[in-house]
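Taking it in order: structure first as structure tokens, then the write-up.
Every chain is numbered from 1 and lettered A, B, ... according to where its sequence line falls, protein lines coming before strand lines. In what follows, every heavy atom counts, from backbone to side chain, and hydrogens, waters and symmetry copies are set aside.
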There are 2 protein chains.
Amino acid sequence: MTQSENPGALHAAPPPPHVRDASGHLDTDFVTRVEEALDTRDAAVVRELAGNLHEADMGDLLEMLREDDRVLLIQLLGEEFDFAALTETEEPVRAQVLDALPDGDVVEGIGELESDDAVYLLEDMEQEEQEKILAQLPNVDQVQIKRALEFPEDSAGRIVQTDFIAVPPFWTVGQVIDHLRSSKDLPDSFYELYVVDPGFRLLGAVALDRLLRTKRSRKISKIMEETRHSVLVTDDQEDVARLFERYNLVSVAVTDTSERLVGIVTVDDIVDVIQEEAEEDMLAMAGVGDEEISDSVLEIARSRISWLSVNVFTAIFAAFVISIFSATIEQMVALAVLMPIVASMGGNSGTQTMAVTVRAIATQELNRRNILRVLRRELLVGIINGVGLGVLIGAIAGGWFLNPELGVVIGSAVLINSICAGLFGLLVPMGLEKIGVDPAIASSVFVTTITDVVGFFTFLFLAAWWFGLPF
Amino acid sequence: MTQSENPGALHAAPPPPHVRDASGHLDTDFVTRVEEALDTRDAAVVRELAGNLHEADMGDLLEMLREDDRVLLIQLLGEEFDFAALTETEEPVRAQVLDALPDGDVVEGIGELESDDAVYLLEDMEQEEQEKILAQLPNVDQVQIKRALEFPEDSAGRIVQTDFIAVPPFWTVGQVIDHLRSSKDLPDSFYELYVVDPGFRLLGAVALDRLLRTKRSRKISKIMEETRHSVLVTDDQEDVARLFERYNLVSVAVTDTSERLVGIVTVDDIVDVIQEEAEEDMLAMAGVGDEEISDSVLEIARSRISWLSVNVFTAIFAAFVISIFSATIEQMVALAVLMPIVASMGGNSGTQTMAVTVRAIATQELNRRNILRVLRRELLVGIINGVGLGVLIGAIAGGWFLNPELGVVIGSAVLINSICAGLFGLLVPMGLEKIGVDPAIASSVFVTTITDVVGFFTFLFLAAWWFGLPF
């Protein structure tokens with residue numbers, strides 16, 4: 001591959017201007033034209049339209065086509081189709097295409113990918129299929145990919161890129177530049193060089209701008225940074241992401257436990273990790289698991305019902321608390337009308353505190369040194385807002401039922417529930433984190449159950465006591 | 001500044017190993033030692049401990065210190081304190097420090113920052129203070145910063161870095177390298193060079209790895225990429241982030257409306273944009289605005305109560321729907337016990353669909369081409385899960401009150417509410433997006449109000465009708 005043909009994956013030629021509309025979506029006219037060309041199996045037009053697409057645009061295009069058109073497009077494009085585009089589609093689209101294509105095409109396509117992309121395509125395949133593809137890959141790729149697949153799913157080892165440039169410390173800047181100019185087998189793009197000893201142990205790194213600023217005669221050992229951030233293959237991807245964020249990194253060296261350099265992780269993969277992490281937290285808090293917009297109805301129904309089933313039992317528990325006060329409600333049906341207000345206000349306050357806490361835990365802003373201050377703050381916020389809302393709701397309820405005492409009762413219940421909401425909105429996620437459960441997933445069910453139960457109980461109990469009703 | 005003193009902001013020397021503990025938090029022992037040194041005003045020890053900290057570590061350290069210790073630390077460090085650390089703290093800490101430091105120190109510190117960092121520190125200051133600081137900065141900085149501050153708050157212009165390297169297209173690779181080796185006034189770190197005409201119009205860009213692979217005699221115009229992604233100063237930061245994600249960029253040129261190059265945006269700032277964006281969506285869905293863990297009690301109470309106040313009125317609306325059926329409940333108090341179950345199940349289903357939809361809108365995965373498919377899917381999921389949960393809840397309720405007919409009624413209400421939840425969980429955020437309201441902020445209140453009202457009404461109405469009760 002000559003240089004002019006290969007400007008580098010991270011700097012690939014941009015898409016033709018008509019590919020996306022102003023809002024950033026793939027242009028509908030463009031997709032229609034591709035579809036028409038596919039209908040008539042016009043390979044020349046297909047290549048002209050889609051032959052030069054960036055992998056991200058190709059990925060979006062595949063998602064928008066019908067299933068059989070996807071395979072047709074890839075086959076008509078032939079060698080011009082870059083399998084990296086499949087790393088940019090959602091999982092079901094990727095699975096469908098890899099399933100439908102002949103094995104030979106898949107082996108060839110995966111063989112041309114960088115190691116992290118190859119791992120990405122292979123890791124979701126079924127065991128048998130994966131082994132069949134792997135067995136047909138060149139030996140060196142096979143070994144690298146198999147090793148990466150052995151690392152835990154969210155470890156740095158899974159997104160490691162094994163294409164990188166390593167040089168010995170005794171080379172001069174001039175030697176390195178000459179090597180880069182003459183070598184044919186360089187990574188598509190790179191931002192730094194790594195310095196290793198003969199045993200391939202990581203000694204340091206040199207950023208390219210540093211290399212360019214330095215005189216040819218200077219030794220690499222003089223300009224390398226010795227103690228750079230490096231990560232272990234087994235490190236969690238989210239921890240690696242924290243490192244990139246904190247120190248504004250663009251790439252980082254990945255070593256094995258004996259300090260040997262095995263590859264690098266680049267910021268483009270980290271951007272995906274950060275994106276997915278925040279998304280997971282948000283969906284988890286809403287009781288949604290790992291779900292894609294393209295998943296099937298049954299997959300989605302199954303994944304969502306697990307959370308809803310938990311909720312059946314917490315809702316019945318809350319109903320049981322109400323049933324204790326059946327006799328009370330029979331005497332004063334206004335209580336049944338008003339009680340959801342108390343529970344709902346508490347649920348909303350609790351969700352607010354919980355969301356802030358889950359996020360602060362994820363970004364490590366909450367720690368032992370500030371926990372007491374935050375707890376005090378949540379209690380105060382609970383009291384202030386509880387008083388404000390209690391007075392408002394009490395006034396409305398008292399006026400509505402022409403019963404000021406009922407206003408006092410509901411106002412007090414709102415205040416008490418608001419304080420509980422602040423307290424448990426903070427303590428539940430922190431407690432779950434402490435015992436090793438993801439607070440984003442489990443907090444919501446506990447917090448809303450607590451605010452429902454406390455809300456119903458406080459309001460009905462206070463009313464029964466104040467008005468001397470039976471229960 | 002010589003090269004050996006300045007390895008570049010993106011490649012700064014790593015922190016001493018003892019600064020952070022295994023979980024990534026700042027080490028408590030380290031903080032205590034800094035505090036002790038500050039107590040005794042021992043400048044030598046303070047410098048030894050904190051003089052060489054990365055700006056991110058320094059930012060965290062400042063957050064953990066008492067207010068007066070922060071100022072003391074900065075003054076004892078003197079020239080060794082890099083004001084960039086203040087871009088890494090939360091807003092209230094930054095405001096407190098900038099307020100407490102003498103103006104002269106602030107002017108000097110800001111004067112040494114890159115333009116995007118300087119803007120970051122100045123943009124939150126009060127008008128008067130901002131103008132006072134600006135007036136004391138060197139003229140060229142003043143003009144650049146003032147221009148950046150005129151751009152809308154979330155535009156690319158606010159995070160633009162005006163330190164970059166521009167070369168004419170007729171230079172050779174050799175000339176460029178010689179220029180980089182001899183020039184004293186280079187950015188701290190950079191990943192590509194920009195090619196401009198004499199009027200500073202952007203012609204293209206050259207990645208550093210490309211430059212290093214190319215022979216000295218080759219002209220820049222031959223290796224530059226002409227039609228690179230570039231953004232306008234006025235473009236929204238989130239759109240710029242989409243571009244970085246989609247095409248795996250590390251930096252991008254920013255032009256004004258007449259295509260003149262005004263600066264660059266780098267991926268480290270984009271990582272922050274992506275992080276903040278996902279966080280905002282998650283917090284907004286939980287009814288929390290722009291809130292930091294370090295905000296004061298009153299600020300937090302005020303920002304949270306606005307959402308809760310809206311909820312007061314939606315909760316009262318739901319209570320009003322219940323009050324229509326007061327006579328029904330009086331006859332059959334089991335309805336009061338069971339009705340929160342129907343509302344709660346609907347609320348949870350609706351929140352699930354809504355969270356997926358809000359996220360799909362944010363990541364542009366939902367569009368005109370797949371909306372009908374997604375709508376059909378949500379309806380089917382609503383029916384499937386509604387039937388499953390309806391049967392489960394109906395069986396439990398029927399058994400509990402020894403009334404199978406009551407089980408049929410509540411099961412039917414759960415099914416109907418589940419379908420509504422899927423429908424409105426999708427349509428509400430899409431409709432809000434259509435009329436230009438952020439769906440993350442406003443969806444939740446609409447969706448849960450709808451599922452509450454539909455849940456209470458369907459259940460109580462079906463029960464009144466089935467059992468022939470008055471209402």
Side-chain angles (χ1 to χ4, degrees), chain A residues 7 10-11 14 24-25 56 180-181 189-190 207-209 212-213 225 227 229 242 245-246 248 267-268 271 274 278-279 282-283 286-288 293 297 300-301 304-305 308 311 315 319 322-323 326 329-330 333 336-338 341 344 348 351-352 355-356 359-360 364-365 367 377 380-381 384-385, chain B residues 7 10-11 14 24-25 56 180 189-190 207-209 212-213 225 227 229 242 245-246 248 250 267-268 271 274 278-279 282-283 286-288 293 297 300-301 304-305 308 311 315 319 322-323 326 329-330 333 336-338 341 344 348 351-352 355-356 359-360 364-365 367 377 380-381 384-385:
Chain A
L10 290 172
H11 299 274
H25 290 114
L180 294 177
R181 285 193 185 136
S189 68
F190 50 96
L208 294 195
D209 61 342
L212 278 164
R213 296 176 206 214
E225 290 163 62
T227 44
H229 315 285
R242 283 292 95 70
E245 282 176 272
R246 194 177 292 140
N248 296 336
V267 69
D268 53 309
V271 164
I274 291 173
E279 190 167 319
M282 174 180 143
L283 293 178
V288 183
I293 198 100
V297 170
I300 290 180
R304 290 198 199 161
I305 207 165
L308 294 174
N311 194 63
I322 300 172
S323 76
S326 291
I329 293 170
E330 222 155 15
V333 81
V337 172
L338 294 175
I341 299 178
S344 156
N348 280 294
T351 302
Q352 289 182 330
V356 173
R359 203 56 205 151
Q364 303 188 331
E365 283 173 58
N367 51 49
R377 192 198 64 185
L380 285 174
V381 170
I384 295 171
N385 285 354
Chain B
L10 290 172
H11 299 274
H25 290 114
L180 294 177
S189 68
F190 50 94
L208 294 194
D209 62 343
L212 278 164
R213 296 175 206 216
E225 291 162 62
T227 43
H229 315 285
R242 283 291 95 71
E245 282 176 276
R246 193 177 292 140
N248 296 338
V250 167
V267 70
D268 54 309
V271 165
I274 291 173
E279 190 167 319
M282 173 180 145
L283 293 178
V288 183
I293 198 100
V297 170
I300 290 181
R304 289 198 199 161
I305 208 166
L308 295 174
N311 194 64
I322 300 173
S323 76
S326 291
I329 294 171
E330 224 153 15
V333 82
V337 171
L338 294 175
I341 299 179
S344 156
N348 281 295
T351 302
Q352 289 181 331
V356 174
R359 203 57 206 150
Q364 304 189 330
E365 283 173 58
N367 50 49
R377 194 198 63 185
L380 284 173
V381 170
I384 295 170
N385 285 355

Relative to chain A, which segment of B:R242 carries a heavy atom at a distance below 4.5 Å: side chain, backbone, both, or neither? side chain

To check you understand the geometry: which heavy-atom pair defines the closest contact between A:A56 and B:R246, and what is its length? CB-O, 3.0 Å

Ranking B:V333, B:I341, B:I384, B:N385 by heavy-atom pairs under 4.5 Å to chain A gives rank one to B:N385

Residue B:L208 versus chain A: region with a heavy atom under 4.5 Å: both

Closest non-hydrogen contact found for B:S326 with A:V337 is OG-CG2, 3.9 Å

Can you tell which of B:I329, B:L308, B:I305, B:L283 has the highest number of heavy-atom pairs within less than 4.5 Å of chain A? B:L308

Which bit of A:I274 comes within less than 4.5 Å of chain B, counting heavy atoms only: side chain, backbone, both or neither? side chain

Less than 4.5 Å to any heavy atom of chain A: does that hold for the side chain of B:L380, its backbone, both, or neither? both

Which atom of A:R377 lies closest to which atom of B:R304, heavy atoms considered: NH2-NH2, 4.2 Å

Keeping B:Q352 on the side-chain end and A:V288 on the backbone end, is there a donor-acceptor pair under 3.5 Å? no

Is A:L212 close to chain B through its backbone or its side chain, or both, or neither, when contacts mean heavy atoms under 4.5 Å? both

Please report the closest heavy-atom contact between A:S344 and B:N311, naming both atoms and the distance. OG-ND2, 3.1 Å

Considering only heavy atoms, which portion of A:V297 lies under 4.5 Å from any heavy atom of chain B: side chain, backbone, both, or neither? both

When only pairs under 4.5 Å are counted, which of A:L338, A:V271, A:V267, A:I322 shares the most heavy-atom pairs with chain B? A:I322

With no hydrogens and no angle check, is any side-chain donor or acceptor of A:D209 less than 3.5 Å from a backbone partner on B:F190? yes

